[in-house]
Every structure is written in structure tokens, then in C-alpha cells.
Amino acid sequence: CATASTIWFATRPAPVPAVSRFVLGLPDSVTLYTGGGTKLALSRDGSRIVMVGMKNGKAALYVRRMDDPVAQLVRGTERASTGTNITPSLSPDGQSVLYEEDRVLKIIPAVGGTARTLADKGSSGDIGDRGTLVYTADRGLWLGTSDGHDGRRIASPDSAHGVYDLLWPEILPGGNFALVAINRGARVGTLTDSLRLGVVSLKDGKVTDLELPGTNPHYVASGYIVFG
């Protein structure tokens, strides 16, 4: 009966999410990069992971599909290791990799090829579903396009209100807001206990402090934020 069906749907246990565990699968003689920035990123659908690897003194990006036991070199990203940030991320469809090279923000096909410059000065880039690009530069947040056009600052540090840096943006579903880490410390590069999670409007640059200590926030489809 309808009443019984309603009760069953209301009382049945919620499904338990599957937990996946796997090795990174870097090729032989390749080790995880020890320089600055984040070292790996997962595609939105969980099918690919991009990593920064080291071999013979050179850093490069490696992409591993979850159905492939070994990560593959992204040709065109090899460079001498200087210990600087690389901080890769994957485009929404997982087909391209954004990364930083000497504070220049670039994008390259996940299978390798020729990199394109998206911003002459930028880091920690993310692309939304609509092709919007958000990245950090000069301690603030900038907005552009996945074609590398129309870069403009949308949010600046505001020391009067305790906002000294905006870091690690990630565009939220819908494309109107981005998660960020807010540096509440008075110096650039302070310890992580100065960092708070925040949200920035991509329309007017308004910064909202979520009043949660943390760094490098990411949105997951279940509606949660995961962070360090």
C-alpha cells in the first residue's frame, strides 16, 4: 500500500558510499615531487588523477586513468626542478591539465602536446563548467576564460578586515562562486593556522569567511567540502 511504501522509503538505511584505495602508480624511477605547491589532483568524475613526478632531476606531470595501473607522462611538461610551485588541476572534462610554470599559468592536453599560456602571472588555476577561469595573482583573485582572455581582478586583499591573501580557488557548481582559503596572517606564507575557508562571489568579488580553519578546499558532489 502507499502508506507502507512511504514508511519503507523513510526508514530504509542510507546507502554506504564506496571507498576506493589505490597506489599512485608512478612509473619506475619516478618519485613524487617534493617542491612547492600541491602535488596531485583528481578529476571531478574520479576517473583520472594528475601528479607531479620527479625523474633524473626533472619535474613533469603524469596522468593516471583509474583503469590503467601506471601513470603516463604528459609530454611537454618536463622541466628542470627548481622547487617552485606547479600545483596541477584538471579541467571539468578531465581532458586538460592546468599547471603553473615559473608563476605563469598554463594548460596542456592530458595526453601531452603543446602548452598554452592562460595568464602571464598566475597560479592555482581552476576552470568551471562554463569555461570560466579563476586563479590567484598579487595575493588576490582573478577571473578569465579557458582561452586565456579577459583576465581581470575580482577580489583583492583587505588588511583592514584581516584578509591578506586569497588562495587555492575552486569554482563551485553553477559557476557563480568559488571556494578559497583566506590567509588571516599579516605576512605572506604564514603557517596554516592562519588560514580559513571562504567563498568568493565571481560576480562582485564579495568574500565570505566560513570561519572554519583549513586550506585547499574542494567541493564533492555529495554537497560537502573536503579540505586540509
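Without hydrogens or angle criteria, Asn216 side chain to Gly228 main chain gives no donor-acceptor distance under 3.5 Å. Of the possible polar contacts, none joining the Arg116 side chain to the Ile107 backbone as a donor-acceptor pair under 3.5 Å is found. Not a single donor-acceptor pair under 3.5 Å links the side chain of Glu78 to the backbone N or O of Lys58. Between the side chain of Asn85 and the backbone N or O of Gly37, at least one donor-acceptor pair lies under 3.5 Å. With Ser124 contributing its side chain and Thr87 its backbone, the two residues share no donor-acceptor pair below 3.5 Å. In this structure, Arg130 contributes its side chain and Gly174 its backbone to a donor-acceptor pair below 3.5 Å. Put simply, the side chain of Ser159 never gets that close to the backbone of Tyr164: no donor and acceptor are under 3.5 Å apart.
For Ser43 and Asp45, the side-chain atoms include at least one donor-acceptor pair closer than 3.5 Å.
Listed here is the closest heavy atom pair of Val199 and Val180: N-CG2, 4.3 Å. Contact detail for Asp129 and Arg44: the closest heavy-atom pair is OD1-NH1, 2.8 Å.
Evaluated for a side chain to side chain contact (heavy atoms under 4.5 Å, CB included) with Tyr62, the options Val52, Leu73, Val70 yield exactly one hit, Leu73.
Taking 4.5 Å as the limit, every side-chain heavy atom of Leu32 sits out of range of all side-chain heavy atoms of Met54. Contact check for Ile225 versus Glu170: no side-chain heavy atoms found under the 4.5 Å cut-off.
Atom CG of Asn56 has 12 or fewer heavy atoms from other residues, nucleotides or ligands within 6.0 Å.
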